[in-house]
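To start, the structure itself, in structure tokens.
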Amino acid sequence: MAQLLVILLSLLRLSLWLAILVVIFAPLEYFFAVHSHKALRKGIGADLGYYFLNSLLPAAILSVPAAILGWSTHKILPGSLLEWTASLPFWTRALLGFVAGEVGYYWGHRWSHQIPFLWRFHSVHHSAEELDFLVNTRAHPLDMVFSRTCALVPMYVLGLGGPTSAAGGSTLPVLVTLVGTVWGFFIHANLKWSFGPLEWLVSTPKFHHWHHTKTGLIDHNYSSTLPWLDRIFGTHNLPKEWPESYGIDAVMPPAMIDQLLYPLGPPEAPALEKPAHSLGEGE
């Protein structure tokens, strides 16, 4: 009974946050749309399901591994490193943790495009043919677990995580994850906004829309918030125009349950055999 109450309260909280997101983004996407489409666009039912599923399941799956990671790294890391990071002001540690997490996320995201097995799961996210803020949570839960793990590892290795508990972990990793999630809604939004010179420093909807493009230069712009990492690693792409189409070549089943099972299909299934640029191919 107590567990049922917790679940109901979580669903109520998520419904409230969803309402807030709609109030913020729906008018913006109406007045500043890149591409016009209906509010009840194709796939929105499944995306609503992903919103609730991925707001709960990945965090639950990651709680124990994150606790073990935090405990083990603090047993292995030199005490001098832990003392140094602990002596830093909170906002300095937060900035270092944010950059470290973004570097980890960049490579996890890039591997998800380059390694065929990982692409099977990540292709669910890229199957969206129309982008808006809700596409941010359209992802296979195991894909989200992998990307978040890649982001967490560098923070813990640098001693920026702190010992964690299975219930929630330390403040810094939670804060970095929260910032990345909130910004994710923005960069997926159907907003024709540019930041001018600041676009080299922080990601924008245009930057990420080109990551989702179906035509043109694909497999670029892997960063979620720091596009200069793509410049460093040679994967930056930001033309003046906007992408004309989004999605993947494969036909993704419309039902959410079928999409969750899609990566478990035979390797020879369309678009699961390999991503556009798998490891070993020239980029």
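Worth knowing before you read on, the calculation uses all heavy atoms, side chains too, and leaves out hydrogens, waters and symmetry mates.
Residues Thr215 and Trp210 approach most closely at O-CZ3, 4.2 Å, considering heavy atoms. Nearest heavy-atom pair across Leu152 and Pro173 is CD2-CB, 3.5 Å. Across every non-hydrogen atom of Glu29 and Ala189, the tightest pair is OE2-CA, 3.3 Å. When all heavy atoms of His211 and His220 are compared, the pair lying nearest together is ND1-O, 2.7 Å. Scanning both residues, His209 and Pro243, for their nearest heavy atoms gives O-CG, 3.5 Å. Across all their heavy atoms, Glu130 and Lys42 have their closest contact at OE1-N, 3.5 Å.
Phe52 and Val182 are not part of a single hydrophobic cluster, where members link through side-chain heavy atoms under 4.5 Å apart. Under a hydrophobic clustering in which Ile, Leu, Val, Met, Phe, Trp and Tyr are joined whenever their side-chain heavy atoms come within less than 4.5 Å, directly or via other members, Met144 and Leu62 fall into different clusters. At a threshold of 4.5 Å between side-chain heavy atoms, the hydrophobic network of Ile, Leu, Val, Met, Phe, Trp and Tyr places Val135 and Ile248 in two separate groups. Val179 and Trp91 fall within the same hydrophobic cluster, where Ile, Leu, Val, Met, Phe, Trp and Tyr residues are linked whenever their side-chain heavy atoms come under 4.5 Å apart, directly or through other members. Under the 4.5 Å side-chain contact rule for hydrophobic residues, Phe25 and Val23 do not share a cluster.
Side-chain N or O atoms of Tyr222 include none that pairs as donor or acceptor with a backbone N or O of His113 at under 3.5 Å. In terms of modelled atom types and a separation under 3.5 Å, the side chain of Lys206 and the main chain of Lys240 share a donor-acceptor contact. Side chain of Thr92 to backbone of Leu88: no donor-acceptor contact under 3.5 angstrom is found.
Looking only at side-chain heavy atoms (C-beta outward), Asp132 and His37 come within less than 4.5 Å of each other. Side-chain contact between Thr235 and Asp219: absent, with no pair of heavy atoms (C-beta onward) separated by less than 4.5 Å. With a 4.5 Å cut-off on side-chain heavy atoms, Leu53 and Pro141 count as touching. Using a 4.5 Å cut-off on side-chain heavy atoms (C-beta onward), Pro227 and Glu199 make no contact. No side-chain heavy atom of Leu175 sits less than 4.5 Å from a side-chain heavy atom of Phe98. Counting heavy atoms from C-beta on, the side chains of Leu191 and Val34 never come closer than 4.5 Å. Within the 4.5 Å cutoff, side-chain heavy atoms of Tyr50 are placed close to those of Leu260. Residues Thr181 and Arg148 form a side-chain contact, since some pair of their non-hydrogen atoms from C-beta on lies under 4.5 Å apart.
Here the straight-line distance linking atom CG of Leu57 with atom CG of Leu142 works out to 8.0 Å at 0.5 Å rounding. Here the straight-line distance linking atom CG of Leu21 with atom CZ of Phe133 works out to 5.5 Å at 0.5 Å rounding. How far OG of Ser15 is from CD1 of Ile20: 11.0 Å, rounded to the nearest 0.5 Å. With values rounded to the nearest 0.5 angstrom, Trp17 atom CH2 is found 10.5 Å from Phe185 atom CZ. A distance of 12.0 Å separates CZ of Phe32 from CG of Asn190, quoted to the nearest 0.5 Å. In this structure, CG on Leu18 lies 12.5 Å from CZ on Arg13, to the nearest 0.5 angstrom.
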Can Leu56 and Ser10 be said to form a side chain to side chain contact (heavy atoms under 4.5 Å, CB included), step by step? CA-CA 8 Å; Leu56 297 172; Ser10 296; 3.9 Å; yes
Please determine whether side chain to side chain contact (heavy atoms under 4.5 Å, CB included) holds for the pair Leu158 and Thr85, giving the CA-CA distance in whole Å, both sets of side-chain angles, and the decisive distance to 0.1 Å. CA-CA 8 Å; Leu158 293 176; Thr85 55; 5.6 Å; no
Val124 vs Met252, side chain to side chain contact (heavy atoms under 4.5 Å, CB included): CA-CA, chis, key distance, verdict: CA-CA 8 Å; Val124 173; Met252 182 67 64; 4.2 Å; yes
Given His140 and Tyr262, is the side chain to side chain contact (heavy atoms under 4.5 Å, CB included) satisfied, shown in steps? CA-CA 10 Å; His140 198 286; Tyr262 182 76; over 6 Å; no
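Taking the six-membered ring where the residue is Trp, Phe117 and Phe121 present perpendicular rings, their angle passing 60° and hence far from 30°. Below 30°, between 30° and 60°, or above 60°: for Trp111 and Trp107 the angle between ring planes is between 30° and 60°, a tilted geometry.
More than 12 heavy-atom neighbours from other residues, nucleotides or ligands sit within 6.0 angstrom of CZ on Phe90. Within a 6.0 Å radius of OH in Tyr30, other residues, nucleotides and ligands contribute 12 heavy atoms or fewer. Counting heavy-atom neighbours within 6.0 Å of Lys192 NZ, excluding the residue itself, gives a total of 12 or less. Heavy atoms of other residues, nucleotides or ligands lying less than 6.0 angstrom from CH2 of Trp200 number 12 at most. Shown here is Glu244, whose CD atom has no more than 12 heavy atoms of other residues, nucleotides or ligands within 6.0 Å.
For His236 and Phe207, the ring centers sit closer than 6.0 Å to each other.
Side chain to side chain, Arg138 and Ser127 meet the donor-acceptor criterion of an N or O pair below 3.5 Å. For the residue pair His126 / Tyr246, no side-chain donor-acceptor distance below 3.5 Å is found, with atom types taken as modelled. Counting only N and O atoms by type, the side chains of Thr137 and Asn54 include no donor and acceptor under 3.5 Å apart. Ser224 and Glu102 form a side-chain donor-acceptor contact under 3.5 Å, judged by distance and modelled atom types alone. Between His188 and His125, the side chains place a donor N or O and an acceptor N or O closer than 3.5 Å (distance only, hydrogens not considered). A side-chain donor-acceptor contact under 3.5 Å links Trp183 and Ser203.
Among the candidates Pro154, Cys150, Ser223, Ser147, the single residue satisfying the side-chain contact (heavy atoms from CB on, under 4.5 Å) test with Tyr105 is Ser147.
Salt-bridge check for Asp47 with Arg41: passed, with a basic side-chain N closer than 4.0 Å to an acidic carboxylate O.
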